Amino acid sequence: MKKRFGKTDILVLAIVFAVLSGIWIFTSFIIKEEGADVVITIDGEFYKQVSLREDQEIKISGDETAANILKIQDGKADMVEADCPDKLCVHQKSISKNGETIVCLPNKVVVEVKSGEDAEYDSVAR
Amino acid sequence: MGWQGKYMKRNTAYLGMFLALALICSYVESLIPFYFGIPGVKLGLTNIVVVLLLYTSGAKEALAISVLRIFLAGFLFGNPFSILYSLSGGILSFLIMYALKRTGKLKVVTVSTAGGITHNIGQLIMAAFVVENANIMYYLPVLLIAGFVTGFLIGILSQEMIFRIGDRIGR
């Protein structure tokens, strides 16, 4: 019978797992503030900033070929349509808390929730 | 033809078979809508082949199959971006796994777990570059856990395969 786990393995795996869970728990606790705006960027460039308080549908289209539709309802932003093949961003849960993002990699679209103040700062800095 | 030629022939046939196996794994994975609510989380079935080769044939072979698999699977079932992400994840995880294996202190399961975690790190770094937005690092904690779990499962499977049929493959 060959040995499947050595002492070192159990130790390393346990430590790594503890650290990763710690990071996970820590970050999910610190990111829980409700955001005010969503900032949309395409390919790193600022595209649009909209308030989470108004219900609306936004068409995100950098050039004529690629498009996503973002729906804002009850203070939450959700990607409802995308013309990319994998649709990962559409499957993703809606976002409302500071720092949360929806990313559509094929179209290079990033939607991020921000609190009012730093959102404006960021859009200028880009 | 000397023994070297014979070895090359045998090895080419073996590696071709493993490449086909890795591609089938990619295909199977593209069929399963394996979705956890987080983009980029996959089981990583093909890593069984990479780990298996790393332990039975050697580092060069494992790296070659991994890279070829990524390109071919990208052309067949993915898009240019999926190639880019897989490539950065695949190469980073390979380097880490190779380094850890060389220490000789860890078992296959642990090496594969490290591979799973670093694969996701590599992919996310590339994604942050592509969208030019470091904020997607927000996903990192979840992806690290996901990498741990998938890498661990793949490691157990690979380890069993190496124990059972490892001496019949490779050199």
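Heavy-atom basis, side chains included; hydrogens, waters and symmetry copies ignored. These numbers were taken from a predicted model, which means no experiment stands behind them. Within every chain, numbering begins at 1; the chains are lettered A, B, ... in the order of the sequence lines, protein sequences first and strands thereafter.
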Tell me, yes or no, whether the heavy-atom count around [X] atom [atom1], taken from other residues, nucleotides or ligands under 6.0 Å, exceeds 12.
| X | atom1 | answer |
| --- | --- | --- |
| B:Phe71 | CZ | no |
| A:Lys76 | NZ | no |
| A:Phe17 | CZ | no |

What is the minimum heavy-atom distance between [X] and [Y], and which atoms define it?
| X | Y | answer |
| --- | --- | --- |
| A:Lys108 | B:Phe81 | CE-CZ, 3.7 Å |
| B:Val130 | A:Asp43 | O-OD1, 3.7 Å |
| B:Ala127 | A:Leu105 | CB-CD2, 4.0 Å |

Checklist entry - Any side-chain heavy-atom pair from B:Thr113 and A:Val16 closer than 4.5 angstrom? => result no
Item to check | Note, B:Val109 side chain near A:Asp9 side chain (heavy atom, < 4.5 Å) | outcome: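 The answer is no, as the side chains (C-beta and beyond) never meet within the 4.5 Å cut-off.
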Item to check | Portion of A:Ile102 that has a non-hydrogen atom of chain B nearer than 4.5 angstrom | outcome: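 For A:Ile102, the backbone is the part near chain B, not the side chain.
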With the 4.5 Å side-chain cut-off for hydrophobic clustering, are [X] and [Y] part of the same group?
| X | Y | value |
| --- | --- | --- |
| B:Phe129 | B:Leu124 | yes |
| B:Phe163 | B:Met97 | no |
| A:Val110 | A:Ile69 | no |
| B:Ile165 | B:Leu15 | yes |

Next on the checklist: I'd like to verify something: which residue of A:Leu13, A:Ile10, A:Asn107, A:Thr8 has the highest number of heavy-atom pairs under 4.5 Å with chain B?
Outcome noted: A:Leu13
Checklist entry - Among A:Ile42, A:Leu20, A:Val12, A:Ile23, who wins on heavy-atom pairs under 4.5 Å with chain B? => result A:Leu20
Item to check | Gap between atom OG1 of B:Thr110 and atom CG of A:Leu11 - 0.5 Å precision | outcome: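 The CG atom of A:Leu11 sits 10.0 Å away from the OG1 atom of B:Thr110.
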Item to check | Part of B:Ile117 lying under 4.5 Å from any heavy atom of chain A | outcome: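 The answer is the side chain of B:Ile117.
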